[in-house]
Amino acid sequence: MRIISFGDLYCDYYFRNNILIGVMGGKSGANILCNLSKKYNCTYIGVVGNDTAGDICIKSLNKLNVDTTLIKVVNQYTKKFFINEDGYDTVCPYCNRRLQYDDTLLDVNYVLNNINEEDILIIDNITKISSDVIKNTNNLAFLNITSLSELKYMSLDEIIDLLQNRFKIININERVYNYIKKKFDIDSQDLYEYLQPDILIISRGKKGSDIIYNDEFEKKEIEFNTTQIDVTGVSDAYFSEFISYFIEHNEINTRTISLVHMKASSLSSYVSTKLGARTHLHPLVKVIDYKECICTNFTHNL
């Protein structure tokens with residue numbers, strides 16, 4: 001059994017006070033695998049560019065024992081996010097260029113041909129490729145929705161047709177949920193009844209999460225009071241604890257939900273005290289020197 005995620009990888013650059021602190025491989029599905037890879041055999045299927053950022057994406061996963069043999073290196077600049085205290089941008093703050101490709105360079109048939117029947121799927125967001133994977137596989141699957149992506153173009157009936165009875169757990173962040181709630185005039189209970197996962201989680205950051213299961217609704221607070229430094233990867237860490245537990249346990253009740261939420265909120269609170277989505281697992285990569293710009297090629301310590 002493998003746990004698999006897929007997609008176009010990207011590299012995160014972390015700034016504080018306009019100073020580059022370090023870089024790290026990114027993408028929600030990859031972050032979840034990194035949190036699971038100490039316990040499970042994890043594989044990423046994807047693409048990166050043939051630049052230094054792409055090299056870091058692969059090496060970061062390798063360092064955390066995620067299998068990268070199915071990641072293709074393409075003749076492009078790797079996708080990048082430049083993250084500061086106010087949010088993120090795809091334009092380099094050093095040279096004001098956006099050196100990355102749009103859409104995807106991943107072939108859905110390549111993904112499907114490398115998924116085995118016993119594999120467990122981690123799907124992050126609804127894209128054209130992930131929709132095709134959902135339609136053409138029956139694997140046990142978990143869905144993490146952190147951005148609108150293709151959802152903003154879909155009707156409620158299309159969303160239901162694609163996602164209903166397909167996922168063990170669906171985790172949706174508050175921003176995406178609020179968009180769906182307003183657009184379709186539905187609440188979380190409606191969404192649970194339409195999509196029919198075993199568990200539906202609405203992640204609300206520092207405010208905790210709403211969890212619906214067995215037609216029960218629970219509002220869970222974050223039980224660990226910490227000073228947040230960065231929220232990148234916090235939701236991924238939280239969801240990874242639910243995935244880990246419910247891969248191995250079928251009993252879903254008040255006791256198990258409370259147990260997993262406590263573990264998940266502990267991990268996610270710890271992640272929020274670090275700068276970087278994976279810094280609780282390995283340090284940020286330091287840029288030692290660069291030619292032309294940090295968004296092209298540079299030397300580093302990974």
Side-chain angles (χ1 to χ4, degrees), residues 3-7 28-29 32 108 111-112 115 119-205 207-221 234-236 238-247 249-254 256-258 260-261 264 268:
I3 302 179
I4 284 179
S5 193
F6 56 88
S28 178
I32 291 172
V108 67
V111 178
L112 291 170
I115 294 175
D119 290 336
I120 296 171
L121 306 183
I122 309 297
I123 297 178
D124 63 352
N125 299 311
I126 302 303
T127 64
K128 292 178 182 178
I129 284 186
S130 65
S131 295
D132 285 341
V133 171
I134 293 167
K135 293 173 184 175
N136 290 284
T137 59
N138 294 309
N139 300 62
L140 176 64
F142 298 81
L143 176 62
N144 192 40
I145 305 179
T146 58
S147 68
L148 288 169
S149 301
E150 293 298 309
L151 285 176
K152 60 186 174 183
Y153 306 114
M154 297 171 68
S155 69
L156 180 59
D157 286 342
E158 288 172 327
I159 293 172
I160 293 171
D161 183 62
L162 179 66
L163 305 182
Q164 189 177 65
N165 287 316
R166 184 61 188 87
F167 293 95
K168 180 82 172 179
I169 309 177
I170 298 176
N171 182 52
I172 305 178
N173 75 9
E174 185 174 34
R175 184 176 67 86
V176 175
Y177 166 69
N178 286 339
Y179 177 89
I180 293 172
K181 178 181 178 181
K182 182 177 180 180
K183 180 177 180 179
F184 301 118
D185 192 25
I186 60 175
D187 61 16
S188 57
Q189 188 68 47
D190 295 325
L191 195 60
Y192 171 76
E193 292 175 359
Y194 285 140
L195 303 186
Q196 298 179 26
D198 288 357
I199 303 170
L200 175 65
I201 304 170
I202 309 298
S203 296
R204 300 186 182 277
K207 295 177 288 185
S209 58
D210 299 340
I211 305 176
I212 306 176
Y213 62 97
N214 299 339
D215 293 319
E216 299 287 335
F217 177 94
E218 289 196 37
K219 185 174 287 293
K220 294 289 189 180
E221 296 181 353
V234 168
S235 178
D236 302 331
Y238 182 88
F239 192 35
S240 70
E241 288 292 330
F242 275 82
I243 294 169
S244 179
Y245 186 87
F246 287 108
I247 280 175
H249 301 84
N250 291 321
E251 189 177 6
I252 300 173
N253 53 41
T254 300
T256 58
I257 292 293
S258 294
V260 180
H261 170 72
S268 61

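When reading the values below, keep in mind they use all heavy atoms of this one structure, side chains included, and skip hydrogens, waters and symmetry mates.
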How many angstroms lie between [atom1] in [X] and [atom2] in [Y], if you round to the nearest 0.5 Å?
| X | Y | atom1 | atom2 | result |
| --- | --- | --- | --- | --- |
| E218 | S258 | CD | OG | 5.0 Å |
| L162 | L143 | CG | CG | 8.5 Å |
| S188 | K219 | OG | NZ | 8.0 Å |
| K168 | N250 | NZ | CG | 4.5 Å |
| Y213 | I169 | OH | CD1 | 13.0 Å |
| I211 | Y192 | CD1 | OH | 12.5 Å |

Do [X] and [Y] have side-chain heavy atoms sitting under 4.5 Å apart?
| X | Y | value |
| --- | --- | --- |
| H249 | V260 | no |
| Y179 | L151 | no |
| I186 | L156 | yes |
| L191 | I172 | yes |
| L148 | Y153 | no |
| F167 | L195 | no |
| E216 | I257 | no |
| S147 | R175 | yes |

Are [X] and [Y] close enough that a side-chain donor and a side-chain acceptor fall under 3.5 Å?
| X | Y | value |
| --- | --- | --- |
| N171 | S235 | yes |
| S203 | Y238 | no |
| S28 | N144 | yes |

Begin with the C-alpha distance, continue with both residues' side-chain angles, and end with the deciding distance and a verdict on side chain to side chain contact (heavy atoms under 4.5 Å, CB included) for I160 and E193. CA-CA 10 Å; I160 293 171; E193 292 175 359; over 6 Å; no
Backbone N or O of [Y] within a donor-acceptor pair of the [X] side chain at under 3.5 Å?
| X | Y | result |
| --- | --- | --- |
| S5 | I122 | yes |
| D190 | D187 | yes |
| K128 | V108 | no |
| T256 | E251 | yes |
| D210 | I202 | no |
| D124 | T146 | no |
| S130 | N125 | yes |

Does atom [atom1] ([X]) have a neighbourhood of more than 12 heavy atoms from anything else shown, all under 6.0 Å?
| X | atom1 | result |
| --- | --- | --- |
| D185 | CG | no |
| N165 | CG | yes |
| K220 | NZ | yes |
| E221 | CD | no |

Candidate list L121, I170, I120, I3, test side-chain contact (heavy atoms from CB on, under 4.5 Å), partner F142, passing option: I120
F242 ring center near H261 ring center (under 6.0 Å): no
